[in-house]
Structures are given as structure tokens and as C-alpha cells.
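Heads up, the thing below is written out as C-alpha cells.
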Amino acid sequence: MAADKWVYMVTAQTPTNIAVIKYWGKRDEVRILPVNDSISVTLDPDHLCTVTTVAVSPAFDRDRMWLNGKEISLSGSRYQNCLREIRGRAGDVEDKEKGVKIEKKEWEKLHLHIASHNNFPTAAGLASSAAGFACLVFSLAKLMNVNEDPSRLSAIARQGSGSACRSLFGGFVKWEMGSKEDGSDSVAVQLADEKHWNELVIIIAVVSSRQKETSSTSGMRESVETSLLLQHRAKEVVPKRILQMEEAIKNRDLASFTQLSCADSNQFHAVCLDTSPPIFYMNDTSHRIISLVEKWNRSEGTPQVAYTFDAGPNAVLIARNRKVAVQLLQGLLYYFPPKSDTDMKSYVVGDNSILKEAGLDGANSVENLQPPPEIKDNIGSQDQKGEVSYFICTKPGRGPIVLPDQTQALLDPETGLPK
């Protein structure tokens, strides 16, 4: 290893994911091993992602990390487990241009700087920890020349945050619970890539971007200890649903996909209510969105939109195609209009070209919306302004990538400190 004070860096981008068959409950708290399999959709990283820069230098005197610009402690067991596992698999690294040569055994002594940024709210039920730990593991694996396939890496990311293992792939992903005590077979596998069912459009209603009252970690622990419904769900219900969901994805069968997603989301929240003390992740706005979608699906005869809610009040709505997504957005904006002084482009983010298709790019366009004709009963009047913070329009997306453009790095290439 050269004696001069070089800084060697890698920057990566990793998507978040939303489970359509939920993970809720661990059989091993330390290794983060789940009580059931789960299946998720990876969301387009252009709209929801974590970017992480990892750097190594002989000049660094300790491991340090910055999340969204704020320094955080790396002393927690989840970070330590990921760092230990990756360091243990590190390879030789050489960059002649920079005069960098690191031998495998030297990684144990070298310190790291890590900077991570989410382009969406942290800890608000949008799987920020999933994208975060997946990005940490993926970027460190690239930095340290770790020669492992994504499934093996997923077993490391899982030790940071369970759902993180599913963010190492694009498209549709299954986290296999595994049966071994050491967790070596509790890994993620890709069921289909993002092109397999690319007509789907996903609209997320961010009902609250506040940090949730009960974290997923403590919520799960309480459910495992007190909910009989969780035991029944893990043993009897989920194994059948996993097989049915795999079929639905393979055949692009939206009717089955919708029935399974909605039922599994509702059962997960029923488990939360069956926990002692009960956990409330959804709120009245969440329930009104469910009502809107259920009534619309019934009126159409065949399901057009699936809904799913993670551990928070935000609705993830998966529409059959672009045309359905436009109608869905019109209905959502009729019932949940922005506050009067809101710019539509900040109220509908992500792929906001959908605004034009929905005729909603003008100043008074929301006021001119008509109630969705197929919904006869009132979901609530138009006075519910501000109940939804904003909407994100996205689609199924790809897995992690390295960002070669140095301008996207979060650390300074000279000092290794945040820019």
C-alpha cells in the first residue's frame, strides 16, 4: 500500500422496494431471519433511491458515516455486522492511475468514510432503511472488490435491515426465509426483471412524511411475542400466498396480483392491531384511499389498481397501465386536492409527465375535476386539502448500479469528507 495520503472512492445508487407479500416478524433478532418468505416490487431508482459514496484512505483515523448530511454513529450492531461481513470478503484492489494498491489483509486496518443520501423521507414507511443498507453493502462490495453474486450480498444486507436484501435486485424479488440457523440460506432471489411487467404504473400517496411512532423493529418484536394471528399467518397463510403471487407475477395476472396484495396488506395491519399493545400505522386518510380503490375496482368488474401499505400510513397504488394510472390520479386529486398555494409539480413528483396526460398541468385544473362517475357513495368531500403531503408517480425499476460520474459523489475526492 502506497504511503501517500490518497483517497479511493466508489459511489452507488440503490432502489427502494415495496413488499406485496409482507415481511413482519423475525425468528432470530440478531441475524434478522424472518418468520415467513416475502415478495416485493423494486421501485424506479430515478424517483426513489439511496445514493452512497464509500471512501478508504490511510489518512482516515476511524470509520465515519453521514446520513443526509448529518454524522451518525456506526457503533450499532447492524452497521458493525455489515462492515465485518464485507471486510471479511474483501479482495485485492489496485488503481494504477491513483497509485492505490490495497492487499486483501490490509482492509482490516483501513478506515472508511461513508456518506448516504435518500431522495425521500427517512423512517416514514417508505423503506428508506432497505435502500440504505442495500446501498451500503453494494457500494462497499464494489470498493473492496468483493467477488460475490447479488444473492450472497443480500444475505449481508439482510443483517442491516431485513427488507434491504430485496433491494439488491430490480423487478420482482422474493426473500426466501431459509431454514438454516446461521441464516446462510435466507437470501433474496429475482423472480422477474423490471421489463417483465413494464406497463404497471405505481402511485405513492405520501400521507405523512413524519417519522413513525412505533419503529418496525420494535413493532415486529411485539407482534411476534403477542399476536396469535401472526403465528397463523406465517404458518398457514403466507406459504400459499407466496406460490399464488409467484404465479400472478409470472402470468402478469393483475386480478390475482391485486387480490393477494390487498389481502396481504390488510392482514399485516390486522396483525398490528392484534399485537398488544396494538400498533396503528394507517390513519383515516389511509382508510379513505383503500375505500376509493375498493369501490373503483368493484365498479369496474375486474381489478384495475392494487394497494399496499407498509409500516406507515403511505399508500402504494399499483395501476394496471398508464391509462388507469391517469384516471387514478384524477380521482385521488379530486378527493385529496393540494392546498391552494401548492405548485402541482411539487405535489405530484417523480414522473410528473402524467400531470399533462391527466389534464392537470394548468392553474385551476384540480378545481375543475369531476367526481369519479363510478363511485356513487361519497368517500369524503373536496375539503380534505393537505391530507396527502404529495404523490410520487413511478414504476417497477432496476437494481443497484455504480455511478461513475465523480460529480455525483457525496464525498470530496481530496479529503474524503462530505462535500
Original post:
So, the side chain of T14 versus the backbone of A131: is there a donor-acceptor pair under 3.5 Å, distance only?
Top reply: no
**OP:** Report yes or no: does S139 contribute a side-chain atom to a donor-acceptor pair with the main-chain N or O of C135 at less than 3.5 Å?
**Re:** yes
Original post:
Can you name the closest pair of heavy atoms from L230 and S223 and give their distance?
Top reply: CD1-CB, 3.8 Å
**OP:** Could you tell me whether R87 and E108 have a side-chain N and a carboxylate O separated by less than 4.0 Å?
**Re:** no
Subject >> For K142 against V402, the heavy-atom pair lying closest together >> reply: CG-CG2, 3.6 Å
Subject >> Separation of C49 SG from L43 CG (nearest 0.5 Å) >> reply: 11.0 Å
Subject >> I39/I249 under side chain to side chain contact (heavy atoms under 4.5 Å, CB included): CA gap, chis, key distance, verdict >> reply: CA-CA 10 Å; I39 291 177; I249 290 165; 3.8 Å; yes
Subject >> Residue pair K22, D310: steps toward the salt bridge (charged side-chain N to carboxylate O under 4.0 Å, His left out) verdict >> reply: CA-CA 8 Å; K22 303 293 186 192; D310 269 353; 2.6 Å; yes
Subject >> Donor-acceptor under 3.5 Å (T53 side chain, L410 main chain) >> reply: yes
**OP:** Determine whether more than 12 heavy atoms belonging to other residues, nucleotides or ligands lie under 6.0 Å from atom CG of D284.
**Re:** no
**OP:** For the pair D253 (side chain) and A255 (backbone), establish whether a donor and an acceptor sit closer than 3.5 Å, ignoring hydrogens and angles.
**Re:** yes
**OP:** Taking W107 for its side chain and G91 for its backbone only, find out whether a donor-acceptor pair lies under 3.5 Å.
**Re:** yes
**OP:** Would you please indicate yes or no on a ring centroid separation below 6.0 angstrom for W66 and H117?
**Re:** no
**OP:** Could you tell me whether a side-chain N or O of N119 sits under 3.5 Å from a main-chain N or O of H47, the two making a donor and an acceptor?
**Re:** yes
**OP:** Could you go through the ring-ring contact (aromatic ring centres under 6.0 Å, His included) check for F133 and Y79 one step at a time?
**Re:** CA-CA 8 Å; F133 276 103; Y79 285 112; 4.9 Å; yes
Subject >> Lys/Arg N to Asp/Glu carboxylate O, R31 vs D182, below 4.0 Å >> reply: no
Original post:
Can E387 and T285 be counted as having a side-chain donor-acceptor contact under 3.5 angstrom?
Top reply: yes
Original post:
Taking atom types as modelled and ignoring hydrogens, do the side chains of N314 and Y281 form a donor-acceptor contact shorter than 3.5 angstrom?
Top reply: no
Subject >> Which atom of G397 lies closest to which atom of P45, heavy atoms considered >> reply: CA-CD, 4.2 Å
Subject >> Inter-residue atom distance F280.CZ - H269.NE2, 0.5 Å rounding >> reply: 13.0 Å
**OP:** Before accepting this row, confirm whether a basic side-chain N of the pair R89/E148 lies closer than 4.0 Å to the acidic partner's carboxylate O.
**Re:** yes
**OP:** Please determine, by modelled atom types, if D149 and S151 share a side-chain donor-acceptor pair under 3.5 angstrom.
**Re:** no
Subject >> Spacing of F268 atom CZ and W24 atom CH2 [to the nearest 0.5 Å] >> reply: 4.5 Å
Original post:
Could you state the interatomic distance from CD1 (I290) to OG (S265), rounded to the nearest 0.5 Å?
Top reply: 6.0 Å
**OP:** Kindly indicate, with the supporting measurements, whether the criterion side chain to side chain contact (heavy atoms under 4.5 Å, CB included) is fulfilled by Y23 and D37.
**Re:** CA-CA 7 Å; Y23 148 56; D37 291 352; over 6 Å; no
Original post:
Below 4.5 Å, heavy atoms only, C-beta onward: do H232 and V237 meet side chain to side chain?
Top reply: yes
**OP:** Check each of T42, T16, N17 against R166 using the side-chain hydrogen bond (donor to acceptor under 3.5 Å, both in side chains) test, and report the only one that passes.
**Re:** N17
**OP:** Identify the two heavy atoms, one from D185 and one from S179, that lie closest to each other, and give their separation to 0.1 Å.
**Re:** OD2-N, 2.9 Å
Original post:
Can you find a side-chain donor-acceptor pair between E367 and S365 that sits under 3.5 Å?
Top reply: no
**OP:** Decide whether S276 and T226 meet the rule of one side-chain donor and one side-chain acceptor closer than 3.5 Å.
**Re:** no
**OP:** Please examine the side chains of I279 and L273, heavy atoms only from C-beta on, and report whether any two atoms are closer than 4.5 Å.
**Re:** no
Subject >> M220 CE to S227 OG distance, which is reported to the nearest 0.5 Å >> reply: 13.0 Å
Subject >> Closest approach of C82 to Q159 (non-hydrogen atoms, all atoms of both residues) >> reply: SG-C, 4.3 Å
Subject >> Heavy-atom neighbours of N147 CG exceed 12 at 6.0 Å >> reply: no
Original post:
Any side-chain donor paired with an acceptor under 3.5 Å for S73 and S75?
Top reply: yes
**OP:** Establish, from distance only, whether the side-chain atoms of R398 and Q13 form a donor-acceptor pair under 3.5 Å.
**Re:** yes
Original post:
OG/S40 to CG/L191 distance, rounded to the nearest 0.5 angstrom?
Top reply: 8.5 Å
Original post:
Would you call K419 and L411 a side-chain contact if the rule is heavy atoms closer than 4.5 Å?
Top reply: no
Original post:
Knowing that exactly one of I203, D343, L355 qualifies, which makes a side chain to side chain contact (heavy atoms under 4.5 Å, CB included) with V348?
Top reply: L355
**OP:** Could you tell me whether the side chains of R64 and H111 share a donor-acceptor contact shorter than 3.5 Å?
**Re:** no
Subject >> Carboxylate-amine/guanidinium proximity below 4.0 Å for R322 and D351 >> reply: yes
Original post:
Hey, does the side chain of S186 reach the backbone of M177 with a donor-acceptor pair shorter than 3.5 angstrom?
Top reply: yes
**OP:** Decide salt bridge (charged side-chain N to carboxylate O under 4.0 Å, His left out) for D92 and K104; before the verdict, give the C-alpha distance in whole Å, the side-chain angles of both, and the deciding distance to 0.1 Å.
**Re:** CA-CA 5 Å; D92 298 339; K104 196 176 172 162; over 6 Å; no
**OP:** Output yes when a side-chain donor or acceptor of K98 lies under 3.5 Å from a complementary backbone atom of Y8, and no otherwise.
**Re:** no
Original post:
Step by step, would you call V173 with V189 a side chain to side chain contact (heavy atoms under 4.5 Å, CB included)?
Top reply: CA-CA 6 Å; V173 186; V189 293; over 6 Å; no
Original post:
So, for L83 and L140, which heavy atoms are closest and what is the spacing to 0.1 Å?
Top reply: CD2-CD1, 3.7 Å
Original post:
In a check of side-chain hydrogen bond (donor to acceptor under 3.5 Å, both in side chains) between S161 and each of S129, S128, S216, which one passes?
Top reply: S129
**OP:** Please indicate whether K235 has more than 12 foreign heavy atoms, meaning atoms of other residues, nucleotides or ligands, lying under 6.0 Å from its NZ.
**Re:** no
**OP:** Would you check if the side chain of E236 reaches a backbone N or O of A234 as a donor-acceptor pair within less than 3.5 Å?
**Re:** no
Original post:
For L33, does its backbone N or O pair with a side-chain atom of D28 as donor and acceptor, under 3.5 Å?
Top reply: no
**OP:** Please check if any side-chain donor atom of R78 sits under 3.5 Å from a side-chain acceptor atom of N81, or the reverse.
**Re:** no
Original post:
Does the side chain to side chain contact (heavy atoms under 4.5 Å, CB included) test come out yes or no for L143 and L112, once each step is laid out?
Top reply: CA-CA 10 Å; L143 181 83; L112 301 164; 3.8 Å; yes
Original post:
Between S215 and S218, is any side-chain donor less than 3.5 angstrom from a side-chain acceptor?
Top reply: yes
Original post:
Hey, is E246 close enough to K250 for a salt bridge, meaning N to O under 4.0 Å?
Top reply: no
Original post:
Would you call R221 and E29 a salt bridge, taking side-chain N to carboxylate O under 4.0 Å as the test?
Top reply: yes
